[in-house]
2 protein chains.
Amino acid sequence: MAEPRKSAQQAGPRRAGEKPHDHDACIDTAIARARTLCDERAVQLTPLREKVLQIVWRSHKPVGAYQVLDELARTHKAARPPTVYRALDFLIAEGLIHKIESLNAYLGCGEAGVAHTSQFLICRACGTAEEIVDPKLDQALDAAAKRARFTVERKVVEIAGLCGRCAG
Amino acid sequence: MAEPRKSAQQAGPRRAGEKPHDHDACIDTAIARARTLCDERAVQLTPLREKVLQIVWRSHKPVGAYQVLDELARTHKAARPPTVYRALDFLIAEGLIHKIESLNAYLGCGEAGVAHTSQFLICRACGTAEEIVDPKLDQALDAAAKRARFTVERKVVEIAGLCGRCAG
DNA sequence: GGGCGAATGATACAATATAACTTTGGGCCT
DNA sequence: AGGCCCAAAGTTATATTGTATCATTCGCCC
Ligand SMILES: [Zn+2]
Ligand SMILES: [Zn+2]
Ligand SMILES: [Zn+2]
Ligand SMILES: [Zn+2]
C-alpha cells in the first residue's frame, strides 16, 4: 500500500493572498496518525480501510458513501456498497472520520486520537466543512444536557452557512 | 377538517409519580398556533398539511416520512411520497416542525413562531426527543462561528443519549 | 490439518428522497 | 359566464442512501 497519490487530491478553494494549504501534508499526517492509533489499539487498518480513509481525505469537503464507492471501484473492482459502509463504520468507530448528519456524508477527522466532540462549520457555497474544537461550546452542550438531567452519549453540532472566503 | 382525534395519540413513557402529560393539549396548542401563524403569514395550512402536522404531533418521538405516509394513507388514499415530503417541506419552512438530521425524522416544534434555534435531546432508549431552548448554548454557537469568521444560516444541535427517566 | 474468527465478497433488498409532468380548483379579470 | 393564472395536489418514475444475509478467504492457533 501507501502508493504515492500526490496531486490526486482536491482541496478547497482559496482566496488570493491567502497562505496555501499543503493538503498532501494533511493526508500524510492523517494516515500516519491512523496507523499509529490502530496499531496501539490492536485493530486492523487494512489496505481497504486505509484506501477508503485516503479517499475521504482527498478534500475538506464531506464525501458521500457512493462517491467513495465510485472512487474505490476505480482500483478495486470488487467494491460494493457494503464494502464501503463497513470501512466507513470502522473508521467512524475508531474516530478517524466523522459522519456529517445533515449531508449524509463523511469527513476525515483532524483530531483523531484526541478526545473531542465533533463540531462543524459547513459552507453551502464551497462545500468545505471545517471541524472546530471549542471547549466553551462543548461545556455549553454539557450544561444544557445536565440541566435537563440528560446523559450525553453523542453530540452532533453542524453549523451551516458561509465561510469567510465565500461570504467575503 | 379538525375532526376529533383524542386518544389516537402516542405520547412518551412516563415514570411512576411523574405528573402526567396531557398530550391532546400539546396537539391542540400546536395546531391552533399553526393556524394563527399561517393566517398571519397569508400561507395556506391546507387540510392535507394540517393532517400531516397532526400525525407528526402524535408523539414526542421523531417520526419518519414513510411512517407519516403510512398513517396518512389510512384516510387519504392518494398519498404518495411527494405528498408527504411536500407537506413536510412546507411545515419546516414555516417553522412548525423540525427535521432531526441524525434520525432522518421529523418532530413538531414546541416553539413555533418564536425565534429560536433547534436544539434536541434525543433518548436512544425511549425514542423521545425534547426540544430545548438554551440561549447560552445558542450564544456559544454564535461565538464559535464568529471566531472562525463564519456566517451562520442554520444550526443543527442534536444531543443523543439517555433521558432522565431512562437513565434513572 | 482442522477449527476459529475477522475481513471481505456477493446478491438482494430496504429506506429515504426527488424529478418531472399532469390535473384540480379557487381567485380574478373582462 | 368564460378564460386565465397560480398554488396545491396527483401521478409515475427514478435517484440516493443504507442493510440483511449468506458465502468465501485467510491468518492464527492448537
Ligand atoms: Zn487539507
Ligand atoms: Zn466556503
Ligand atoms: Zn422548534
Ligand atoms: Zn428515554
Side-chain angles (χ1 to χ4, degrees), chain A residues 1 34-35 38-39 41-56 61-94 96-107 127 156 158, chain B residues 1 34-35 38-39 41-56 61-94 96-107 127 156 158:
Chain A
M1 273 310 103
R35 286 182 179 149
C38 289
D39 208 54
R41 296 169 184 171
V43 295
Q44 306 180 52
L45 185 64
T46 61
L48 179 58
R49 289 164 173 174
E50 184 174 317
K51 180 70 183 167
V52 169
L53 182 58
Q54 292 251 5
I55 291 170
V56 171
K61 305 180 189 190
V63 55
Y66 280 72
Q67 284 177 260
V68 173
L69 177 54
D70 288 347
E71 188 58 33
L72 181 63
R74 299 162 77 95
T75 60
H76 188 90
K77 297 297 164 52
R80 296 285 181 277
T83 315
V84 168
Y85 281 103
R86 281 175 192 144
L88 292 173
D89 287 348
F90 170 85
L91 296 170
I92 289 170
E94 297 303 326
L96 302 174
I97 65 174
H98 296 289
K99 178 173 186 180
I100 308 296
E101 296 289 352
S102 57
L103 298 175
N104 294 320
Y106 305 82
L107 182 70
V156 173
E158 298 173 10
Chain B
M1 271 311 103
R35 285 182 178 149
C38 289
D39 207 55
R41 296 170 185 170
V43 296
Q44 307 179 53
L45 185 64
T46 62
L48 180 57
R49 289 164 172 174
E50 185 174 317
K51 180 69 183 167
V52 169
L53 182 58
Q54 292 252 6
I55 291 170
V56 171
K61 305 181 190 188
V63 55
Y66 280 72
Q67 284 177 262
V68 173
L69 177 54
D70 287 347
E71 187 59 33
L72 182 62
R74 300 163 76 95
T75 59
H76 189 88
K77 297 296 163 57
R80 297 284 181 278
T83 315
V84 168
Y85 280 103
R86 288 197 283 236
L88 292 173
D89 287 348
F90 169 85
L91 296 171
I92 290 170
E94 297 303 325
L96 302 173
I97 65 173
H98 296 289
K99 178 172 185 180
I100 308 297
E101 296 289 351
S102 58
L103 297 175
N104 294 319
Y106 305 83
L107 182 70
V156 173
E158 298 173 10

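Each chain gets a letter, A, B and so on, in the order the sequences are listed, and its residues count up from 1.
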Interatomic distance where [atom1] belongs to [X] and [atom2] belongs to [N] [whole Å]:
| X | N | atom1 | atom2 | result |
| --- | --- | --- | --- | --- |
| A:E50 | C:dT8 | CD | P | 12 Å |
| B:L72 | D:dA8 | CG | P | 17 Å |
| B:I92 | C:dT16 | CD1 | P | 15 Å |
| B:L69 | C:dA15 | CG | P | 13 Å |

Does the B:R49 side chain pair with the main chain of B:R86, one donor and one acceptor, at a distance under 3.5 Å? no

Quick check against the 3.5 Å criterion: does B:Q67 have a side-chain atom that pairs as donor or acceptor with the backbone of B:G64? yes

Over all atoms of both residues, closest heavy-atom pair of B:L88 and B:A65: CD1-CB, 3.9 Å

Heavy-atom closest pair (A:S102 atom, A:E158 atom, distance to 0.1 Å) is OG-OE1, 2.5 Å

Side-chain N or O of B:Q44 closer than 4.0 Å to phosphate OP1/OP2 of D:dA7: no

What does the B/S/- profile of nucleotides 9-19 of chain D look like, 5' to 3', with a 4.0 Å heavy-atom cutoff to protein? BBBB----BBB

Taking the side chain as C-beta and beyond, is there a heavy-atom pair between B:N104 and A:E101 under 4.5 Å? no

Do A:V63 and A:L107 touch side chain to side chain, with heavy atoms closer than 4.5 Å? no

